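Indexing begins at 1, ligand by ligand and atom by atom, following the structure's order. Residues take their numbers from the sequence shown, with the count starting at 1. This one's a predicted model, so the numbers in the text were calculated from it and none came from an experiment.
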Amino acid sequence: MAFKTIIVEQEEHVTLIQLNRPDALNALNAEMLEEISTALSEAEQNEKVRCVVLTGSEKAFAAGADITEMAKKSFVDVFSTNLFAEFSDNMLKFRKPIIAAVSGYALGGGCELAMMCDFIIASDTAKFGQPEINLGVMAGLGGSQRLTRFVGKSKSMDMHLTGRFMNAEEADRSGLVSRIVPAKKLKSDAMATAAKIAEKSAIATMAVKESVNRSYETTLNEGLLFERRLFHSLFATHDQTEGMDAFIEKREPQFRDK
Ligand code: DAK
C-alpha cells in the first residue's frame with residue numbers, strides 16, 4: 001500500500017517503518033497513526049516478516065502528537081472518539097518483535113510511541129521528554145505509566161512535571177533504552193539487531209515478548225507461573241528439538257517456526 005506519512009521498506013525478514021513528516025518533526029497526526037497501524041497489520045499478516053524497526057529522522061523520532069491538529073479539539077471530541085485508544089490497542093496487539101530506533105527528539109506521544117515498542121535503541125543525539133505540561137495538559141498515550149516503570153517514580157515525576165528532556169546518556173543510565181549508538185549508525189545497527197532476532201524461532205520470540213510484557217501487568221508469582229508454562233509449551237515445538245540438537249551437534253539450528 002502507498003503511504004503519505006511513513007516510508008515502509010522490506011529488507012529480508014525485517015520491515016522498516018520510517019516516520020516521514022519532516023516539516024513537522026514527525027509529529028503524529030491522525031493519518032500517520034492510521035498508516036502505522038496499517039503497516040503493522042500488513043507486517044503481522046506477512047509470514048516473511050519476523051521483526052519490525054520503527055524509526056524517524058536524524059533530527060526527530062517524533063516531536064509528539066500533532067499540536068496543530070489537537071489544538072482545535074474539545075473534550076467532547078477527544079472523549080467521544082476515544083482519541084488514540086484504537087492506535088494504542090493496535091500497537092499492543094502486534095505480536096512480532098518491534099524495535100524503536102530513536103534519533104533526535106522523542107517527545108510526548110513520540111516518547112510514548114517509542115516506549116510502546118519492545119525496546120529502544122537510541123542514537124547519541126536522542127532526547128526524550130514528556131513536555132505536555134507546557135501545553136497545559138499531560139501525557140495521554142501511556143507516558144505516566146510506562147516512563148514510571150522504566151525510570152522510576154522520581155525521574156518520571158521530574159520529567160512530567162517540569163517537561164525537561166533526558167539525553168541519551170541519562171536514558172541509558174536510567175533503563176529507558178537498551179543501548180546508545182552513534183547517530184550515523186542507528187539505522188544499520190537497529191536493522192542488524194532486528195535481523196539477528198529474525199534468525200530465531202518466531203514461536204520463541206513471540207513467547208518471549210508475551211512473557212516479558214506480562215511482567216508489567218501481573219504479580220511476580222503469577223508472572224513466574226506464566227513464564228514457566230510458556231517455557232513448558234515450547235517443548236511441544238520442532239524448534240526446541242532442533243535448537244537443542246543443533247547445539248549438541250555443534251551446528252547452526254534450522255528453525256521452522258513449528
Ligand atoms: N506538533 C505539530 N508541529 C510540530 C510539533 C508538534 N508536536 N513539534 C514541532 N512541530 C513543527 C513546528 O511547529 C515547526 O513547524 P513550522 O513552524 O516550521 O511550520 C517545525 O515542526 C519545526 O519545529 P521547530 O521550529 O520548533 O524546531 P526546533 O528545532 O526549534 O524545536 C522542538 C524542536 C522539538 C524542541 C520543538 O519543535 C517543540 O518543542 N515541539 C513540541 C514538542 C511537544 O510539546 N511535544 C508534545 C506534544 S503533545 C492523548 C494522548 C496523547 C497525547 C495527547 C492526547 N489522548 C489519549 C487524548 C500526546 C500529546 C503530545 O504529544
Who else is in the cluster with Phe165 when I, L, V, M, F, W and Y are joined by side-chain contacts under 4.5 Å? Leu25, Tyr105, Leu107

Counting only heavy atoms and a distance below 4.0 Å, can you name the residues contacting ligand 1? Asp23, Ala24, Leu25, Ala27, Lys59, Ala63, Gly64, Ala65, Asp66, Ile67, Met70, Leu83, Phe84, Tyr105, Leu107, Gly108, Gly109, Pro131, Glu132, Leu135, Gly140, Leu141

Do Ile120 and Arg179 come close enough that some side-chain heavy atom pair is under 4.5 Å? no

Ring pair (Phe, Tyr, Trp, His ring centres under 6.0 Å) pairs, two or more places apart, involving residues 233-258: Phe231-Phe235

With ILVMFWY side chains joined below 4.5 Å, transitively, what does Phe75's cluster contain besides itself? Val76, Phe79

On a heavy-atom basis, which atom in Leu186 and which in Ala122 lie closest, and how many Å separate them? CD1-C, 4.0 Å

When you look at CD of Glu34, are more than 12 heavy atoms from neighbouring residues, nucleotides or ligands closer to it than 6.0 Å? no

